[in-house]
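Right, one structure below, let's go through it.
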Amino acid sequence: MSDTPSTIDRKAQNTNWFRSLSARLLVLTVSFVMLSEFLIFAPSVANFRLNWLHEKLNAAHLAVLTLDAAPDGMVSKEMESTLLTHVGVNSIAVKRVGMRQAMLNDMPPSVDESFDLRDPMFFPLIFDAFQTFASENGKVIRVVGFSPHDKRTEIEIILSQHPLVEEIHAFGWRIVALSLFISIITAGLVYLSLQWFLVRPMRKLTSNMVQFAENPEDESRIMIPGSRRDEVGKAQQELSGLQRNLHNLLKQKEHLAALGTAVAKINHDLRGILSTALVVSDRLETSDDPKEVRKIAPALISAIDRAVNLCSQTLNFVGQETPPINVTKFCLAPVIQEISEGIKGDIRILSEIKQNRELEADRDHIFRVITNLIQNSVQAGAETIRITLEGEDQDFWLLDLEDDGPGLPPRAEKNLFKPFQSSARSGGTGLGLVTARELIRAHGGDLWLLETSEKGTVFRIHLPHHIHN
């Protein structure tokens, strides 16, 4: 049976996870922690075995001291057997300065292996401990060492290794369990720390680079550096600066490309404006009537103003960069009122926005955007503009500006938001809409034409509730 697409996707995700930095960090963390625990386990087992044998030597020495209390330095066979059983050995031999004493069973077993604890070495002790851990229980061993109470007394004992093997197994498994527990806790903490401080920011950087690469002209996709001051924070700052420089270069390139297509239009408009100025100036030159001069002069000044304004708009568009966003909270209704009072022309603005409705954005940018849209409606011949705001329960505000103008002609609608091409009136540059959209996109939103007909035109502003600057 062939795999379904969902099964294939899960397999691909699992494969990608195993190849990811997170998986490698987890494997390395567990491996290194287990290695550390093993380095602790080996000397711990060796030390446990050494202490266990020393306790046997100490108990053997105490058992031999009973001989000193006996009148003739001898004890009965029953007492000897009891002492050996209490110590847990088969035989005890003690060598002290100037004399030798021994306590032996009647039939001492044959010795399988001997260990000398008089001059213990680190690595041989570890080797012997692992050998004991893996050995059979039935071995009989001979141990020689100094008495813990008197370094001049040598003690030799012969005993079965069975109790030592059982205890060292129990101790070893306790160490293994504790090591596993410590390893899991340590590996988990290290893994979470690496995830939080390294993997998570790297994923954010990678995701941002992918999103920015999809549309580098969208200013809202530029990385917003965090407050970190380490290498990751430095990388975020450098990436943010690189993206912003690239964004500005692409936007300037777009403006220059638009300027190239607009040269013919600008040339035509300037020639018409300057021709009007030339005719008016000729009339001024040949006229001696002050009244006629006063009558003609405003036409000349108006023609010159239009030429200067056209050149200024063109130069500003080519060289401009989107100004930095200064995000504040402000009520939108007073902004609409202020714009209404400053608009020239016979226009009625109906605002249906609550007086306490607040936006989180750059007030000057929003003022400029709405002003441009209203001025376009006025120039198109609209008499009434209706402004509404919705989206209180969503992540974005929907700000609509609806006018009762004649609507956009097909050519203007087709070339909407294209500089020097979208204007529906003679002498217009179409830069108002282009600038308005760039300002809104800098906030992480957008501006588009919702509808247009002979009954009017509606533009919609899509603005996020919260903006990161």
Side-chain angles (χ1 to χ4, degrees), residues 36-70 73-75 79-179 182:
S36 301
E37 294 299 331
F38 175 77
L39 295 177
I40 297 174
F41 173 81
S44 298
V45 173
N47 186 64
F48 176 84
R49 173 180 174 275
L50 182 63
N51 290 335
W52 192 90
L53 294 176
H54 276 155
E55 288 178 0
K56 289 295 182 182
L57 294 175
N58 184 38
H61 189 199
L62 292 176
V64 170
L65 291 179
T66 59
L67 298 178
D68 296 336
M74 297 290 292
V75 294
M79 177 62 69
E80 179 180 345
S81 178
T82 300
L83 290 174
L84 291 173
T85 302
H86 180 75
V87 176
V89 298
N90 297 104
S91 68
I92 302 174
V94 178
K95 182 179 179 180
R96 293 184 289 191
V97 178
M99 61 182 301
R100 176 180 178 85
Q101 293 178 338
M103 297 180 65
L104 299 173
N105 273 349
D106 293 336
M107 297 291 293
S110 60
V111 175
D112 297 317
E113 197 168 358
S114 298
F115 299 100
D116 190 346
L117 303 183
R118 288 173 292 187
D119 187 18
M121 304 295 289
F122 179 76
F123 289 106
L125 284 176
I126 293 180
F127 177 79
D128 292 340
F130 278 101
Q131 190 178 29
T132 302
F133 193 87
S135 65
E136 299 177 357
N137 291 338
K139 275 189 176 182
V140 176
I141 60 175
R142 171 177 171 270
V143 181
V144 178
F146 293 113
S147 170
H149 299 290
D150 186 0
K151 297 301 180 182
R152 297 174 298 175
T153 301
E154 292 184 5
I155 302 176
E156 175 185 314
I157 57 177
I158 297 176
L159 69 160
S160 173
Q161 196 174 234
H162 175 72
L164 175 59
V165 171
E166 287 190 344
E167 292 196 28
I168 204 171
H169 279 174
F171 176 79
W173 289 120
R174 288 198 301 271
I175 291 293
V176 169
L178 180 61
S179 300
I182 295 175

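Here the structure is a predicted model, which means the values were calculated and not measured.
If you take CD1 on Ile126 and CG on Leu50, they are separated by 11.5 Å, rounding to the nearest 0.5 Å. The CZ atom of Arg142 lies 14.0 Å from the CG atom of Asn90; values are rounded to the nearest 0.5 Å. To the nearest 0.5 Å, atoms CD1 (Ile168) and CD (Gln161) are separated by 8.5 Å. Atom CD1 in Ile157 sits 6.5 Å away from atom CG in Leu53 (nearest 0.5 Å). Note that CD1 of Ile155 is 11.0 Å distant from CG of Leu117, once rounded to the nearest 0.5 Å. One finds the CG atom of Leu57 at 11.0 Å from the CG atom of Leu62 (value rounded to the nearest 0.5 Å).
Here the side chains of Val89 and Ile158 are not in contact, with every heavy-atom distance at 4.5 Å or above. Using a 4.5 Å heavy-atom threshold, the side chains of Thr132 and Val45 count as separate.
Every pair tested for salt bridge (charged side-chain N to carboxylate O under 4.0 Å, His left out) that includes a residue from residues 47-64 fails, sequence neighbours excluded, so the list is empty.
The closest donor-acceptor contact from the side chain of Asn51 to the backbone of Asn47 lies under 3.5 Å.
Considering only residues two or more places apart in sequence or on other chains, Asp112 meets the side chain to side chain donor-acceptor pair (under 3.5 Å) condition with none of them.
Pairing each heavy atom of Ile92 with each of Ala63, the nearest pair is CD1-CB, 4.2 Å. Across Lys151 and Phe146, no two heavy atoms sit closer than the pair O-CD2, 3.0 Å.
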